[in-house]
Amino acid sequence: MNSHAPLLEMRGIGKRFPGVVALEAVDFHVNAAEVVALLGENGAGKSTLMKILGGLYQPDAGEILIGGSSVAIHSVNDSIGLGIGFIHQELNVLDNLDVAANVFLGREPVMSGALKPLRLIDRRKMSADTMVHLRRLGLDVSPETPLSRLSIAQQQLVEIAKALSLDARLLIMDEPTSSLTLTETERLLEVVKDLRAHGVSVIYISHRLGEVAQIADRAVVLRDGRKAGTLAREEITHDRMVQLMVGRELQHRYVAPQHTAEAGFFEVRDLQTTRYPGRKISFALGKGEILGFAGLVGAGRSEMAQAIFGVDAKLGGDILLGGQNVAINSSRDAIRQGIYLVPEDRRQTGLIVENTIRENISLPALPRYAVRGLVSREQERAAAETFSKRLNVKTASIETLVKNLSGGNQQKVVLAKWLQLNPKVMIFDEPTRGIDVGAKAEIYELMRGLAANGVGVIVISSDMEEILGLSDRLAVMHEGRITGILDREACTEENVMRLAVGGHQL
């Protein structure tokens with residue numbers, strides 16, 4: 001093994017799927033004790049490159065070297081054996097087991113001596129070995145703690161502990177902070193720095209460019225299956241990363257509407273949710289206005305949206321549309337009124353991912369395409385084609401399964417199914433979570449277009465840049481109540497954070 005060679009080197013990696021060139025002659029390397037950010041829009045080739053490294057795919061061309069020596073990675077076990085750990089965005093843990101059982105799953109130490117033929121698990125050794133890794137990561141929980149009792153951030157650290165228990169020298173972290181709070185994110189970034197200080201290398205994949213600027217020693221950008229460029233530590237800025245990722249500059253600043261919102265269009269009065277039954281929420285949304293909702297995780301924003309849409313029961317309060325009180329006891333009632341929700345978890349509650357694009361787009365509007373109770377496939381396909389093209393869903397066919405689309409294209413399918421129903425009020429809950437910057441820009445333009453056409457738009461987002469850049473006005477919530485509603489001129493990060501922690505509006 002060459003001590004001067006990079007820890008990992010991928011040379012000329014190529015990969016093709018039927019009709020698609022996923023990777024073409026990609027070079028990528030990671031040095032010892034280095035954090036390398038791997039960036040690119042969805043579909044750029046990041047996942048394919050990492051799945052090749054993780055043993056899930058086999059390259060059609062190229063070579064992989066570890067410590068200067070050529071290696072063959074034919075399986076996940078081959079990858080693990082080379083000291084590579086993969087922390088997936090969707091955590092690979094079992095919440096019916098405790099922490100130690102997750103860390104050593106499939107590798108449980110067994111008792112020695114007379115009991116060895118029975119292969120009884122040595123719980124004492126497993127807990128002791130697990131505790132070593134938990135302390136290293138600063139995770140203050142017992143190895144016997146059921147995983148179901150841990151937060152997502154803590155479960156993520158358990159995944160990292162599992163990789164370290166396998167003597168991983170290189171960790172691949174795929175969107176590790178997508179479901180974390182600001183405090184949890186800061187803690188994870190400190191863990192990454194500590195791992196680097198102890199000689200572990202990290203490939204950090206994230207759409208949160210602020211984190212990349214904070215943590216990465218180098219950033220490598222892929223675009224359309226090719227390497228678009230590399231940024232040294234001193235070159236990593238938001239604008240440079242975006243330019244390499246999309247091949248053009250994107251404008252994220254606030255765009256003032258060209259129209260005046262019509263006041264009194266939609267009102268929520270004294271709404272009480274099951275999450276915060278003792279708190280009442282009241283606000284008004286103008287026709288053609290984008291009203292943002294900011295707040296820390298747990299503030300009650302999603303619960304408010306779900307109560308308005310009829311997914312969750314509301315304990316009290318009124319909802320008015322066009323000055324008329326509307327009864328919403330189910331999502332069907334909300335849909336009938338033209339009030340639609342784009343949910344936070346699009347895969348679980350916004351889509352049927354095992355169905356096609358066509359089936360997902362047409363689902364809420366099937367009665368429109370029915371003649372004597374039978375759905376006209378011709379009309380259904382025509383509508384799905386129209387709205388798929390209108391939203392620029394990148395796919396070869398509307399018969400593609402939704403699970404095979406990128407996050408941004410999945411979100412566009414959610415939007416398409418509502419847009420065909422001519423919305424009056426659209427509620428977006430974390431609309432761009434896990435979506436690349438190019439798709440984000442398209443969704444922002446769509447929101448502004450809806451407002452320009454007289455739709456009342458509510459946007460819930462934990463992305464400060466996003467919520468400040470979109471909102472005509474901004475409501476801030478803390479523990480189930482609105483602590484203030486900011487006019488455009490007062491929409492600053494300082495004002496938002498003051499209200500988000502329970503302070504008063506100045």
Side-chain angles (χ1 to χ4, degrees), residues 42-43 89-90 152 175 178-179 207 273 275 290 292-293 297 300-312 328 330-366 368 380 383-384 386-388 390-395 398-436 439-440 442-447 449-450 455-463 466-467 470:
N42 289 331
Q89 182 176 359
E90 303 295 333
I152 294 296
E175 296 289 350
S178 63
S179 299
H207 291 307
T273 67
R275 173 70 183 275
I290 299 179
F293 273 81
V297 172
R301 297 169 299 164
S302 293
E303 291 81 359
M304 174 198 71
Q306 289 163 6
I308 292 172
F309 187 60
V311 175
D312 290 345
I328 297 178
S330 68
S331 55
R332 181 175 295 179
D333 293 336
I335 291 170
R336 193 178 294 116
Q337 296 293 338
I339 301 169
Y340 309 133
L341 171 65
V342 178
E344 179 180 12
D345 190 337
R346 56 183 169 267
R347 289 183 63 88
Q348 293 296 322
T349 55
L351 296 163
I352 304 174
V353 296
E354 298 293 336
N355 284 11
T356 65
I357 295 171
R358 169 183 57 79
E359 290 168 326
N360 274 274
I361 290 177
S362 65
L363 184 60
L366 282 178
R368 291 189 173 196
E380 182 192 22
T386 296
F387 284 93
S388 178
R390 178 175 166 184
L391 272 74
N392 192 28
V393 177
K394 295 177 182 177
T395 180
I398 59 171
E399 300 305 323
T400 300
L401 296 182
V402 167
K403 68 180 181 181
N404 295 328
L405 300 178
S406 68
N409 284 304
Q410 288 181 357
Q411 190 73 314
K412 290 177 184 178
V413 173
V414 179
L415 297 178
K417 76 177 186 179
W418 294 136
L419 291 187
Q420 65 180 318
L421 295 176
N422 302 316
K424 296 176 183 176
V425 175
M426 283 284 286
I427 306 171
F428 294 84
D429 192 358
E430 301 291 357
T432 63
R433 176 170 288 171
I435 292 176
D436 63 62
K440 281 184 180 182
E442 290 183 86
I443 290 172
Y444 296 156
E445 288 303 311
L446 187 137
M447 290 179 184
L450 287 171
V455 177
V457 178
I458 293 173
V459 181
I460 298 168
S461 178
S462 299
D463 185 323
E466 176 172 274
I467 203 71
L470 281 171

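None of the values given here were measured: they were computed from a predicted structure. Atoms considered below: every heavy atom in the structure, side chains included; atoms not considered: hydrogens, waters and symmetry mates.
In this structure a side-chain-to-backbone donor-acceptor pair under 3.5 Å is missing from Tyr340 to Phe428. In this structure a side-chain-to-backbone donor-acceptor pair under 3.5 Å is present from Glu430 to Ser462. Distance alone, capped at 3.5 Å, is enough to place a donor-acceptor pair between the Gln420 side chain and the Lys417 backbone. Here the side chain of Asn409 pairs a donor or acceptor atom with the backbone of Lys394 at under 3.5 angstrom. Proximity of a side-chain donor or acceptor of Asn360 to a complementary backbone N or O of Ile352 within less than 3.5 Å is detected.
Using a 4.5 Å heavy-atom cutoff, the side chains of Leu405 and Val413 are in contact. Contact of the Lys424 side chain with the Ile339 side chain is not registered, since no non-hydrogen atoms from C-beta on lie closer than 4.5 Å. No side-chain heavy atom of Met426 sits less than 4.5 Å from a side-chain heavy atom of Ile458. Between Lys403 and Leu351, the closest side-chain pair of non-hydrogen atoms is not below 4.5 Å. A heavy-atom distance below 4.5 Å is not found between the side chains of Val459 and Phe293. Gln411 is listed as a side-chain neighbour of Pro431, based on a closest heavy-atom distance under 4.5 Å. Residues Leu446 and Lys412 form no side-chain contact, since every pair of their non-hydrogen atoms from C-beta on lies 4.5 Å or further apart. Using a 4.5 Å cut-off on side-chain heavy atoms (C-beta onward), Arg301 and Asp429 make no contact.
Residues Gly407 and Arg346 approach most closely at O-NE, 3.3 Å, considering heavy atoms. Of all heavy-atom pairs between Ile467 and Gly292, the closest is CD1-CA, 3.8 Å. Between Leu391 and Glu442, the closest heavy-atom pair is O-OE1, 4.4 Å. Heavy-atom minimum distance, Pro423 versus Val455: O-CG2, 3.4 Å. Considering every non-hydrogen atom in both Pro343 and Val414, the closest pair reads CD-CG1, 4.3 Å. Scanning all heavy atoms of the two residues, the minimum distance from Ile460 to Ala305 falls at CD1-CB, 3.8 Å.
Here CD of Glu380 is found 9.5 Å from CG of Leu363. Values are rounded to the nearest 0.5 Å. Atom CD in Gln306 sits 4.5 Å away from atom CG in Asp312 (nearest 0.5 Å). Rounded to the nearest 0.5 angstrom, Leu470 CG and Asp463 CG are separated by 9.0 Å. The line from OG of Ser362 to CD1 of Ile357 is 11.5 Å long, rounded to the nearest 0.5 Å. Atom-to-atom distance recorded for Ile443:CD1 and Glu466:CD is 8.5 Å, nearest 0.5 angstrom.
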Practice task
Apply side-chain contact (heavy atoms from CB on, under 4.5 Å) to Leu421 and Arg368, showing your working.
Solution key: CA-CA 10 Å; Leu421 295 176; Arg368 291 189 173 196; 3.8 Å; yes
Practice task
Walk me through it: do Leu401 and Val353 pass the test side-chain contact (heavy atoms from CB on, under 4.5 Å)?
Solution key: CA-CA 7 Å; Leu401 296 182; Val353 296; over 6 Å; no
Exercise for the section: With side-chain contact (heavy atoms from CB on, under 4.5 Å) as the test, would you mind laying out the steps for Leu419 and Leu450 before giving the verdict? Expected result: CA-CA 9 Å; Leu419 291 187; Leu450 287 171; 3.5 Å; yes
Practice task
With side-chain contact (heavy atoms from CB on, under 4.5 Å) as the test, would you mind laying out the steps for Glu359 and Thr356 before giving the verdict?
Solution key: CA-CA 5 Å; Glu359 290 168 326; Thr356 65; 3.3 Å; yes
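Residues passing the side chain to side chain contact (heavy atoms under 4.5 Å, CB included) test with Ser330 are Arg332, Asp333, sequence neighbours excluded.
Using cut-offs of 30° and 60° on the angle between ring planes, the pair Phe309 and Trp418 is perpendicular.
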